[in-house]
Amino acid sequence: MTFALLPGVSVADTENGTVLLDERNGRYWMLNRTGAVVLRCLLDGESPQEAARTLLRLYPDAPDLATAHVESLLDALRTAKVIVP
């Protein structure tokens, strides 16, 4: 499954993560560093499971939470209507 940002949603990397701006309505979201890693993985073609493994490699202290964090972020991005599918 391939994920993409909807047209009109821009991304800016920051020192502490990533900011998404929905130019259609002026809303924005700040993702922390782990959220930024997950977003980049998904946009680069990784599946949610692969993104969780990448997250686990970078942050091995919370193995039980990696999949839950990926799914939670993906649900939030879908609900906000900034990512498809």
Side-chain angles (χ1 to χ4, degrees):
M1 177 177 298
T2 302
F3 296 92
L5 295 174
L6 285 171
V9 177
S10 58
V11 178
D13 293 323
T14 69
E15 188 175 305
N16 297 312
T18 296
V19 175
L20 297 176
L21 171 64
D22 187 342
E23 297 169 12
R24 300 167 299 175
N25 58 24
R27 294 189 69 190
Y28 68 93
W29 295 266
M30 176 70 180
L31 304 180
N32 63 17
R33 289 181 181 140
T34 57
V37 167
V38 171
L39 178 65
R40 288 291 172 203
C41 288
L42 296 172
L43 294 178
D44 287 345
E46 290 187 22
S47 69
Q49 296 80 13
E50 291 168 326
R53 284 192 292 273
T54 297
L55 193 60
L56 189 54
R57 271 195 317 275
L58 295 171
Y59 303 98
D61 295 339
D64 298 337
L65 300 176
T67 300
H69 284 310
V70 170
E71 291 300 327
S72 177
L73 177 61
L74 194 50
D75 287 344
L77 294 171
R78 286 179 174 145
T79 299
K81 297 181 179 158
V82 296
I83 197 169
V84 290

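Each residue takes its place number in the sequence, starting with 1.
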Can you give me every donor-acceptor pair (side chain of residues 32-56, partner residue at least two apart or in another chain, under 3.5 Å) with its distance?
residue, atom, partner, partner atom, Å
Asn32, OD1, Thr34, N, 3.2
Asn32, OD1, Thr34, OG1, 2.9
Asn32, OD1, Gly35, N, 2.8
Arg33, NH2, Glu15, O, 3.3
Arg33, NH2, Asn16, OD1, 3.4
Arg40, NH2, Asp13, OD1, 3.2
Arg40, NH2, Asp13, OD2, 3.3
Glu46, OE1, Ala51, N, 3.4
Glu46, OE1, Thr54, OG1, 3.1
Ser47, OG, Gln49, N, 3.4
Ser47, OG, Gln49, OE1, 3.2
Ser47, OG, Glu50, N, 3.1
Ser47, OG, Glu50, OE1, 3.4
Glu50, OE1, Ser47, N, 2.7
Thr54, OG1, Glu50, O, 3.1
Thr54, OG1, Arg57, NH2, 3.3

### Message
Let's go through Phe3 and Leu77 carefully: what are the C-alpha distance in whole Å and the side-chain angles of both, what is the deciding distance for side chain to side chain contact (heavy atoms under 4.5 Å, CB included) to 0.1 Å, and is it a yes or a no?
### Response
CA-CA 11 Å; Phe3 296 92; Leu77 294 171; over 6 Å; no
### Task
For the residue pair Arg27 and Leu20, establish whether any side-chain heavy-atom pair is separated by less than 4.5 Å.
no
### Message
One pair to check against side chain to side chain contact (heavy atoms under 4.5 Å, CB included): Leu31 and Leu73. What are the steps and the verdict?
### Response
CA-CA 9 Å; Leu31 304 180; Leu73 177 61; 3.8 Å; yes
### Query
Between the main-chain N or O of Pro85 and the side-chain N or O of Arg78, is there a donor-acceptor pair closer than 3.5 Å?
yes
## Note on the structure
Residue set satisfying side-chain contact (heavy atoms from CB on, under 4.5 Å) with Ala80, at least two apart, ordered chain then number -> Trp29, Val82
### Message
Just verifying a value: how many Å separate Glu23 CD and Leu6 CG, rounded to the nearest 0.5 Å?
### Response
12.0 Å
### Leu21 side, atom CG; Met30 side, atom CE - distance, nearest 0.5 Å
13.5 Å
